Novice: 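Take this structure, written in structure tokens, and hold onto it; I'll ask about it next.
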Amino acid sequence: MKPFHLLSKKCGSLKMRWTESLHQTQVLRSCLSTSSCLYSKKKKINGYELVDQEKYINLVRSVTSFKASSQTPETLFEEDNLIYGPVSKVKSPVKETESKTTKNWFPLTNSNKFSLNAVAMLPLKITLQRNKLPSVTNVLKQTMPLEQAFYLERWKQRMILELGKDGFDEYTKNIFLQGRLFHTALEALLVAAEMPAKEQEEHIKVSGYLRSIHHVLGDISGVKALESAVQHETLQYLGLVDCVAEYRGQLCVIDWKTSEKPKQHLRNTFDNPLQVAAYMGAINHDANYDFQVNCGLLVVAYKDGSPAHPHFMDSDLCSRYWDRWLLRLEEYMAKQKDDFKQQPGGV
């Protein structure tokens, strides 16, 4: 009996040890599992692992290899495009205005006028009379979309940092002078007038612009108005139209613009198409003009002589820009009314 008792005692001891070992193993596994779970919960996902490194390689190289250099409007736009992406991808305020309708809609064309072909005659050149009526350029300036105003102001501030206040003033003064000389030279070319020697010397400064539009001038004929004042008798606004002439057989309001940056698409010309539409509406409702215009042409010329970009606007496109112009004019009138009420004695 004693050996059997000893054997039973040893078996009981082994069983107890095996049970304790099994319990410790389970406890260890539980601790490891809990530790792993806690570690996985505490571990944060590294956001850089999700970044497409190839997509931003150009940006990284640009930042790491940056050296101080002079900034121009072109390099600023390239920098914005690199960092923020193309501006065209941002939701434009223009799209929002397309869904709006003006409270007091007015037709672009005049039913009392007929669309006539240009005939041989001296171009009209009516002097602009300054009065209390708002000009087209001022209306567009005062109602400029916030996004457009932001980029314009930022470009201005960067140019001032680069050139200084006096340098920037001189820059804008030269741009204005070149524009005036360009329009004067154009007028002489369109009416085939001989320019005085002094003016010919000045026009050398804009020879690049003239070379730029050379291929466009061949499609223009029958000039009916040059640098002539227009006034919408009903909507009460005025402006100075650059030119009214035939372009490839279509009578158009023609607006000449200069630019240092290529503008291959009409959407890159900001408010210029609205300006053309505003002049069209004014001509069609101005008693000084016995004809009606249904189309527009926006020509962008370049100082380096690169071929200008002519943007033709047919009647449907002009009608769409006319609707936008009416909204801007309505917005301007509302602002003027609010400003008047805030003045002392305003009602």
Side-chain angles (χ1 to χ4, degrees), residues 73 76-77 80 86-88 90-102 105-106 108 128 133-156 172 175-176 179 182-183 227 229-232 235-244 252-284 293 295-302 308-336:
L76 290 175
F77 278 114
D80 293 342
V87 176
S88 59
V90 181
K91 187 177 181 180
S92 174
V94 173
K95 293 182 179 180
E96 295 179 1
T97 59
E98 288 179 350
S99 61
K100 298 179 181 178
T101 56
T102 182
W105 186 83
F106 198 88
L108 172 62
L128 182 64
L133 295 182
S135 67
V136 173
T137 53
N138 191 41
V139 170
L140 293 175
K141 180 179 179 181
Q142 295 297 324
T143 60
M144 184 182 298
L146 293 178
E147 181 185 7
Q148 185 177 332
F150 167 78
Y151 281 109
L152 180 62
E153 180 63 22
R154 189 176 68 166
W155 170 82
K156 178 181 176 181
T172 53
I175 292 294
F176 176 78
F182 174 54
H183 282 78
E227 294 290 328
V230 294
Q231 178 176 322
H232 200 294
L235 297 180
Q236 293 293 286
Y237 68 84
L238 51 77
L240 191 67
V241 64
D242 286 348
C243 178
V244 179
C252 299
V253 166
I254 303 177
D255 203 25
W256 308 94
K257 299 296 182 184
T258 60
S259 175
E260 296 180 359
K261 182 180 180 181
K263 295 183 178 180
Q264 302 178 3
H265 305 286
L266 191 62
R267 63 176 178 270
N268 301 134
T269 60
F270 301 105
D271 287 339
N272 296 152
L274 278 72
Q275 188 176 17
V276 171
Y279 290 153
M280 287 177 57
I283 288 176
N284 293 341
V293 187
C295 300
L297 179 68
L298 182 62
V299 183
V300 184
Y302 306 109
H309 286 110
H311 300 290
F312 176 73
M313 300 165 57
D314 61 20
S315 57
D316 290 337
L317 187 58
C318 288
S319 295
R320 297 211 301 269
Y321 280 110
W322 170 253
D323 290 340
R324 297 183 189 177
W325 159 251
L326 291 179
L327 286 171
R328 298 283 286 274
L329 181 62
E330 193 172 85
E331 180 183 348
Y332 174 84
M333 294 300 184
K335 286 183 177 180
Q336 293 298 110

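Keep in mind that this is a model prediction, so the values were computed, not measured. Residue numbers start at 1 and run along the sequence shown.
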Novice: Among all residues two or more places apart in sequence or in another chain, which pass the salt bridge (charged side-chain N to carboxylate O under 4.0 Å, His left out) test with Asp271?
Specialist: Arg328

Novice: Does some side-chain heavy atom of Phe150 sit less than 4.5 Å from a side-chain heavy atom of Trp155?
Specialist: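 A side-chain contact is absent here, since even the closest heavy-atom pair is not under 4.5 Å.
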
Novice: Please name the pair of heavy atoms, one in Val293 and one in Val253, separated by the smallest distance, quoted to 0.1 Å.
Specialist: CG1-N, 3.6 Å

Novice: Find the distance between CZ (Arg324) and OG (Ser319) and round it off to the nearest 0.5 Å.
Specialist: 12.0 Å

Novice: Which atoms form the tightest heavy-atom contact between Cys318 and Gly296, and what is the distance?
Specialist: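 In this case the closest contact between Cys318 and Gly296 is SG-N, 3.7 Å.
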
Novice: How long is the span from the CG atom in Leu140 to the OG atom in Ser135, to the nearest 0.5 Å?
Specialist: 8.5 Å

Novice: Who are the salt bridge (charged side-chain N to carboxylate O under 4.0 Å, His left out) partners of Lys257, not counting sequence neighbours?
Specialist: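 Testing Lys257 for salt bridge (charged side-chain N to carboxylate O under 4.0 Å, His left out), a comparison that skips the adjacent residues, returns Asp255.
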
Novice: Using a 4.5 Å cut-off on heavy atoms from C-beta on, say whether the side chain of Val230 contacts that of Leu240.
Specialist: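 No, their side chains stay 4.5 Å or more apart.
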
Novice: If we ignore hydrogens and angles and just use 3.5 Å, is the side chain of His311 paired with the main-chain N or O of Lys263 as donor and acceptor?
Specialist: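 Side chain of His311 to backbone of Lys263: a pair is present.
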
Novice: Locate the shortest heavy-atom distance separating Val300 from Ser259; write the atom from each residue and the value.
Specialist: CG1-CB, 3.7 Å

Novice: Can you find a side-chain donor-acceptor pair between Tyr151 and Glu147 that sits under 3.5 Å?
Specialist: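 Judged by distance alone, the side chains do not pair up.
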
Novice: Nearest heavy-atom pair of Asp242 and Trp256: which atoms, and what distance?
Specialist: OD2-N, 3.0 Å

Novice: Side chain of Lys335, backbone of Gln142: donor and acceptor closer than 3.5 Å?
Specialist: yes

Novice: Go through it in stages, so that I can follow the logic: the residues are Met144 and Phe270, the test is side chain to side chain contact (heavy atoms under 4.5 Å, CB included), and I'd like the CA-CA distance, side-chain angles, deciding distance and then a yes or no.
Specialist: CA-CA 10 Å; Met144 184 182 298; Phe270 301 105; over 6 Å; no

Novice: Ignoring hydrogens and angles, tell me if any N or O in the side chain of Thr269 forms a donor-acceptor pair with the backbone of Asn272 under 3.5 Å.
Specialist: no

Novice: Measuring from atom CG of Leu133 to atom CD of Gln231, what distance do you get when rounded to the nearest 0.5 angstrom?
Specialist: 5.0 Å

Novice: Hey, mind stepping through Leu298 and Gln275 against side chain to side chain contact (heavy atoms under 4.5 Å, CB included) and telling me if it holds?
Specialist: CA-CA 10 Å; Leu298 182 62; Gln275 188 176 17; over 6 Å; no

Novice: Taking it one step at a time, do Asn138 and Tyr332 satisfy side chain to side chain contact (heavy atoms under 4.5 Å, CB included)?
Specialist: CA-CA 9 Å; Asn138 191 41; Tyr332 174 84; 3.5 Å; yes

Novice: With heavy-atom distances below 4.5 Å as the criterion, would you say the side chains of Tyr279 and Val244 are in contact?
Specialist: no

Novice: Taking the six-membered ring for Trp and the full ring for Phe, Tyr or His, determine whether the centres of Tyr237 and Trp325 are under 6.0 Å apart.
Specialist: yes

Novice: Taking all non-hydrogen atoms of both residues, which atom of Gly239 and which atom of Leu128 are closest, and how far apart?
Specialist: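 Taking every non-hydrogen atom into account, O-CD1, 3.8 Å.
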
Novice: Quick check: do Leu317 and Leu266 have side-chain heavy atoms less than 4.5 Å from each other?
Specialist: yes

Novice: Taking side chain as C-beta onward, heavy atoms only, is Met313 less than 4.5 Å from Pro273?
Specialist: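 A side-chain contact under 4.5 Å exists here.
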
Novice: Any non-hydrogen side-chain atom of Tyr321 less than 4.5 Å from a side-chain atom of Val276?
Specialist: no

Novice: Would you say Glu153 and Lys156 make side-chain contact, with heavy atoms under 4.5 Å?
Specialist: yes

Novice: Locate the shortest heavy-atom distance separating Leu297 from Pro310; write the atom from each residue and the value.
Specialist: CD1-CB, 4.1 Å

Novice: Side-chain contact test, heavy atoms from C-beta onward, threshold under 4.5 Å: evaluate it for Met280 versus Ile283 and give yes or no.
Specialist: no

Novice: With sequence neighbours excluded, tell me which residues meet ring-ring contact (aromatic ring centres under 6.0 Å, His included) with Phe106.
Specialist: His232, His285

